[in-house]
There are 2 protein chains.
Amino acid sequence: MKHITITDIAKKLGISASTVSRALSDHPDIKAETKKKVQQLADEFYYKPNSIAQSLKNNRTTIIGVIVPEIKHDFFSSAISGIEEVAYHAGYTIIVCQSNENFEREVVNTNSLIHQRVAGIVASISQDTINSDHFRTVVARGIPLVFFDRACSDLDVSKVIIDDAKSAYNAVSYLISKGYHRIAHFTGPRDLEISKLRLQGYLKALSDALIPSVEDFICYGGLHEADGYNSMDHLININHLPDAIFAVNDPVAIGAFQRIKEAGLRIPQDIGIVGFSNNKITALVDPPLTTVNQPSFEMGKRSAELLIEMIESEKLPTLPKTIVLDTELVIRNST
Amino acid sequence: MKHITITDIAKKLGISASTVSRALSDHPDIKAETKKKVQQLADEFYYKPNSIAQSLKNNRTTIIGVIVPEIKHDFFSSAISGIEEVAYHAGYTIIVCQSNENFEREVVNTNSLIHQRVAGIVASISQDTINSDHFRTVVARGIPLVFFDRACSDLDVSKVIIDDAKSAYNAVSYLISKGYHRIAHFTGPRDLEISKLRLQGYLKALSDALIPSVEDFICYGGLHEADGYNSMDHLININHLPDAIFAVNDPVAIGAFQRIKEAGLRIPQDIGIVGFSNNKITALVDPPLTTVNQPSFEMGKRSAELLIEMIESEKLPTLPKTIVLDTELVIRNST
DNA sequence: AACGTTATCGCAAACGTTTGCAGAAATTAT
DNA sequence: ATAATTTCTGCAAACGTTTGCGATAACGTT
């Protein structure tokens, strides 16, 4: 019923707790015979050291905190998977928190992780995180911090990102090269860095091709399917149809996709679509969607590697690194 | 840089640590004025209690361990999301481990959670978990345990499941009622309980309709897309085509779906398809797939609720509960 | 024979909290 | 005035582990 302790073993053997501790860690001071007896008893009673006590003593845990907007979102669950993979092999476990795209909850999550004395934090911020004080206190306490995908732009910490502007630029330029010229952009929340950068890439691609941007064609919304659906719905209602859509991410693209199909329009003949992230689903809809491949699993892995490197470099405060991963345009039949 | 402690505050104020502790927890013994001074200093230095020390003292943590086969699998990420949601509101955090469908890794994960002294564990076992000794030691230590979806059948612990046999029976009976009579079943690993039960439901539906089962039509495989693809490929190669397929889960159904499309066969005219789980993707392929809705998020929530109830009922060992959630056949155009 | 080595082990402190108990100070009752 | 309360605070132990240091005994060395 109860967890057996080092002291329990010591008592049973009539020796001291310190000897047991050393025996279990194969300390040279301890006689082979003693080690054997200790080991045997430990095995017999399935002794597992209390990591709580170890953490308190060593003043360090082997837990990595992870904060994401939504666990069930394809991109994030895949990234979490990558983080776990690296953490597992390095002997760490991960505590996963979701902010539900909510600022206050992100703050609570952050404080909770500090409270737990995690060894480090990997985070991707919520879409309405403006203030970054909570992350500032993380840094101030000397807790290693790595952002991935969505970072606080006013904080100089390590991050694993992609070149959002360039990726968007390439995607839109591709659309233009395919003959699409009335291209709409379904963008995300105005204050979210990735939204801004992707919008920026979209605009640059248009202007480089000497195509004027059209106000109606820049549709602000959230990051979910419903947002894409609504934006498309709006364009249909005002009867101002683009010949192509570049969406801020795949769920938004899928939402638009559905509304287009409902309207009886043909993809890619009437309207072309490009998404962003290469969610699995984009390959399976009909027609499959052209999208920007964003290496989610890889981003998770690299973030974790970076973080663990920071954790284990002890006190020498490594200066912030930024890793920019390559994206690639996956061309399918929606364009 | 460092975390501030209760003793630090005590020293600054020239009082004892115990007074600070009591002041912070609003103990009636402490003078209002003292409380105020303590609180002020605590706020000023962003004091956060060290939960490691608290856990050691109280002999309990507020961490729930979660073990799933694969984080990025739609069903599990959604369940994890549900678990986190409930845990968050009850003041717990979750440690998430993935077994990658690998038995040894599941054992390592389990031991790691014991090592961390988690307050309880929610688990869904890997597809090649035969031995359940590792979970037995969890129970033996008095650590609350709840299985969801995939449980160890030889262990009498709480679980949140669906009626797999009945759900399969309903799905196949529906196919029969639609006029399909040469129905194949793409099943999962032989030893996995959910595979067995769904196969059982499939067989019963056939036999109740007086339809003989055909050996070729029971195709064993894994739980991934590739498995469905391969099974379908096999049937095409031996030129023994069914008029409908009931797949053990959605990824397998999607795999079959792809191979069918490649073969130029029409869905549902030439071949009908029914999946299992109602992954988001099934609604978006063309034609959308008929599938069994398995409430993943809800299963996660209920598991967490059950677990927390067990944790907080302290020592009185509640006897194992089994919660069976309703499924429902979502009829779409693939049948 | 006296000393220095080596091998083996235990004591005690420390990590940051919580909490029973005792003690001091302030207040009230006699 | 003293005694009895009440109000407030500190001491010390405990949670399970690690680790510097000292202690003991059994050696080998001159």
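None of the values given here were measured: they were computed from a predicted structure. We name chains A, B, ... by the order of the sequence lines, and we start the count at 1 in each one.
Backbone-only contact: A/Thr5 has heavy atoms under 4.0 Å from sugar-phosphate atoms and none from a base.
Remark: B/Thr7 is not in phosphate contact with C/dG16, judged by side-chain N or O atoms under 4.0 Å from OP1 or OP2. Proximity of B/Gln54 to the phosphate of C/dT18: a side-chain N or O atom is located under 4.0 Å from OP1 or OP2. Applying the 4.0 Å criterion to OP1 and OP2 of C/dT17, one finds that B/Tyr47 has a side-chain N or O inside that range.
Taken to the nearest 0.5 Å, the OG atom of B/Ser99 stands 8.0 Å off from the CD atom of B/Glu70.
Under the salt bridge (charged side-chain N to carboxylate O under 4.0 Å, His left out) criterion, A/Asp29 pairs with no residue at all, not counting sequence neighbours. When the ring-ring contact (aromatic ring centres under 6.0 Å, His included) test is applied to B/Phe76, the partners found at least two apart in sequence or on another chain are B/His73. Residues meeting the ring-ring contact (aromatic ring centres under 6.0 Å, His included) test with B/Phe135, sequence neighbours left out: B/Phe147. Partners of B/Lys321 under the salt bridge (charged side-chain N to carboxylate O under 4.0 Å, His left out) rule, at least two apart in sequence or in another chain, are B/Glu309. Applying the salt bridge (charged side-chain N to carboxylate O under 4.0 Å, His left out) test to A/Glu106 and every residue at least two apart in sequence or in another chain returns nothing. When the salt bridge (charged side-chain N to carboxylate O under 4.0 Å, His left out) test is applied to A/Glu298, the partners found at least two apart in sequence or on another chain are A/Arg302. Scored by the ring-ring contact (aromatic ring centres under 6.0 Å, His included) test, A/His134 finds A/Phe103 as partners (sequence neighbours excluded).
Atoms CG (B/Asn50) and P (C/dC15) sit 12 Å apart, rounded to a whole Å. Per the geometry, CD1 belonging to B/Ile6 stands 15 Å off C1' belonging to D/dC15, to the nearest Å. Counting to the nearest Å, the P atom of C/dT17 and the CG atom of B/Leu56 are 12 Å from each other. Counting to the nearest Å, the P atom of C/dG16 and the CG atom of A/Asn58 are 12 Å from each other. Taking atom CG on B/Asp8 and atom C1' on C/dG16, their separation rounds to 10 Å, with Å as the unit. At whole-Å resolution of the value, CG in A/Asn59 and P in C/dT17 are 11 Å apart.
Taking the screw axis at each terminus of the helix from C/dA1-D/dT30 to C/dT30-D/dA1 from five consecutive base pairs, the angle between the two is 70° to within rounding of 10 degrees.
A salt bridge is absent between A/Lys11 and A/Asp8: the closest approach of a Lys/Arg side-chain nitrogen to an acidic carboxylate oxygen does not fall below 4.0 angstrom.
Screening residues 14-56 of chain B for ring pair (Phe, Tyr, Trp, His ring centres under 6.0 Å), with sequence neighbours left out, gives no hits. Residue pairs meeting the salt bridge (charged side-chain N to carboxylate O under 4.0 Å, His left out) criterion with at least one member in residues 80-94 of chain B, sequence neighbours excluded: A/Arg105-B/Glu84, A/Arg105-B/Glu85.
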Between protein and nucleic acid, restricted to nucleotides 8-14 of chain C and to nitrogen or oxygen atoms under 3.5 Å apart, what atom pairs and distances do you find?
residue: C/dC9; atom: OP1; partner: A/Thr34; partner atom: OG1; Å: 2.7
residue: C/dC9; atom: OP2; partner: A/Lys31; partner atom: N; Å: 2.9
residue: C/dC9; atom: OP2; partner: A/Thr34; partner atom: OG1; Å: 3.2
residue: C/dC9; atom: N4; partner: A/Asp29; partner atom: OD2; Å: 3.1
residue: C/dG10; atom: OP1; partner: A/Ser16; partner atom: N; Å: 3.2
residue: C/dG10; atom: OP2; partner: A/Ser16; partner atom: N; Å: 3.0
residue: C/dG10; atom: OP2; partner: A/Ser16; partner atom: OG; Å: 2.9
residue: C/dG10; atom: OP2; partner: A/Thr19; partner atom: OG1; Å: 2.2
residue: C/dG10; atom: O6; partner: A/Arg22; partner atom: NH2; Å: 2.6
residue: C/dC11; atom: N4; partner: A/Ser18; partner atom: OG; Å: 3.0
residue: C/dA14; atom: N3; partner: A/Lys57; partner atom: NZ; Å: 3.3

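Residues of residues 108-118 of chain A having a heavy atom closer than 4.0 Å to DNA chain C: none are found.
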